[in-house]
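Atoms considered below: every heavy atom in the structure, side chains included; atoms not considered: hydrogens, waters and symmetry mates.
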Amino acid sequence: MTKLIGLLFITSAVIIAGWWVARDCPHKNWMFAVCLLALFSGAFLIVQDRATEITVKGIGTIKAAAEQASIDAQVVRDLRERIEAQSATVDLVAQQATSAKQLGEELSQKAQVADKKLAKLDTALATAQSRVGELQEVTEFTKTVLAAQNDDRKAFDRLGTWAGDPKFRFRSEAEAAWATVLDEHAKSLYMSGFTVPWRQGVDPTKFGINDLRQNYAGAPVYLRPALIEYVWKREDISKKDRLAFLADVVADDPSLHAVEYAGRFLSDALEAKLKPLAVKELLQVWNQKKTSVK
C-alpha cells in the first residue's frame with residue numbers, strides 16, 4: 001500500500017512539474033522545490049521496506065530476523081492457545097488418574113479383606129468337611145450295628161473287623177456292639193423242635209446230604225434253623241457229613257440266626273464249649289478234629 005502511494009506522489013510530481021514548465025507559470029523555483037519534495041517522499045515510501053533490510057555480517061538481515069521472530073511469536077501464541085484449550089482436558093485426565101489410583105487402592109484393600117474372608121471360609125469349609133466325614137462315619141457305624149442286631153451276618157463280621165482295627169475311630173464301640181450281638185445269640189434258652197413244611201408228596205427221608213444241601217440253599221431265611229435241626233437229627237447220614245454241613249453254614253450263611261443254630265450243634269458235637277457266633281474259633285476246632293470224625 002505504501003509503495004502505491006509513493007508511486008502516486010512521484011507520478012503527480014512529474015506531471016505537475018511538466019505542466020508547470022509547459023505553461024510557463026511563475027514561481028518556477030518554488031514549484032520545483034515542491035515537486036522535488038514530492039519525488040523524495042514517493043521514493044521514500046517505495047523503498048522503506050528495503051531500507052529496513054540492513055545486512056549485518058554474521059547475522060543476516062534485520063528484517064528477516066524480525067519476520068522470523070514474528071513467526072515464532074505467532075507459533076508461541078498458537079501453542080499457548082492450544083495448551084489453554086487443552087488445559088481442561090489435562091486437568092480431567094489428572095483427576096481421572098487420581099481417581100483411578102484411589103480406586104485401585106480401595107480395590108486392593110477390598111481384595112485383602114476378601115482374601116481374609118476366603119481364608120476363613122476355607123477353614124470353615126475344611127472343618128465342615130471334617131464334621132461331615134465324622135457324621136458319615138457315625139452314620140455308617142450306627143447302620144452297621146443296627147444291621148448286625150437284625151440278623152445281618154456281614155454287618156456282624158464288619159463289627160468284628162473294626163473291633164480289631166486300632167486305627168478305627170470307634171474301635172471300642174465296635175467291640176462292645178460285636179460282643180453284645182455275640183451274647184444275644186448265645187442264650188441258654190432257644191427254640192427247638194421245629195417242623196419243616198415239606199411240599200406235599202415229598203419224602204425228605206429219601207434225601208441224601210447233597211439233596212439236603214440243595215434244599216437248604218433255596219430255602220428262605222426263616223426256615224433255615226428248622227432245616228439245620230432236621231439235617232443234624234438225620235442219624236442215617238454220617239456224622240462227618242452232617243458236621244461238614246454245619247461248618248459250611250457257620251462259615252458262609254448270611255443269616256445270624258442260621259449261624260447260631262449251626263454253631264450250637266457244631267460246638268456241642270466237637271465239645272468246643274464256644275458261643276455259637278464264635279465263628280473263627282469254631283472253624284479252627286473243626287479243622288483240627290474233622291480228620292478224626294467218622
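L146 and V138 fall into different hydrophobic clusters, defined by Ile, Leu, Val, Met, Phe, Trp and Tyr side-chain heavy atoms under 4.5 Å apart, directly or through other members. Y216 and V221 fall into different hydrophobic clusters, where Ile, Leu, Val, Met, Phe, Trp and Tyr side chains are chained together by heavy-atom contacts under 4.5 Å. Linking Ile, Leu, Val, Met, Phe, Trp and Tyr whenever their side-chain heavy atoms come within less than 4.5 Å puts L227 and Y190 in one cluster.
Salt bridge D253/R153: absent, no basic N to carboxylate O contact under 4.0 Å. The residues E140 and R158 are annotated as salt-bridged, a charged nitrogen and a carboxylate oxygen being separated by less than 4.0 angstrom. A salt bridge links D248 and R213; the closest N-O separation between the charged side-chain nitrogens and carboxylate oxygens is under 4.0 Å. One finds no salt bridge joining E175 and R171 here, because no Lys/Arg side-chain nitrogen approaches an Asp/Glu carboxylate oxygen to under 4.0 Å. Ionic pairing of R264 and D268 is not present here: no N-O contact between side-chain nitrogen and carboxylate oxygen is shorter than 4.0 angstrom.
For the side chain to side chain contact (heavy atoms under 4.5 Å, CB included) test, residues two or more places apart in sequence or in another chain that qualify with D165 are K167, F168.
Between F265 and W232, the two ring planes are parallel [angle under 30°; tilted spans 30° to 60°].
In terms of heavy-atom proximity, A262 sits nearest to V249 at CB-CG1, 3.6 Å.
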**OP:** Evaluate ring-ring contact (aromatic ring centres under 6.0 Å, His included) for F170 paired with W162, printing each intermediate quantity in order.
**Re:** CA-CA 8 Å; F170 307 109; W162 284 341; 8.5 Å; no
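In this structure, the ring of F207 has its center no less than 6.0 angstrom from the ring center of Y230.
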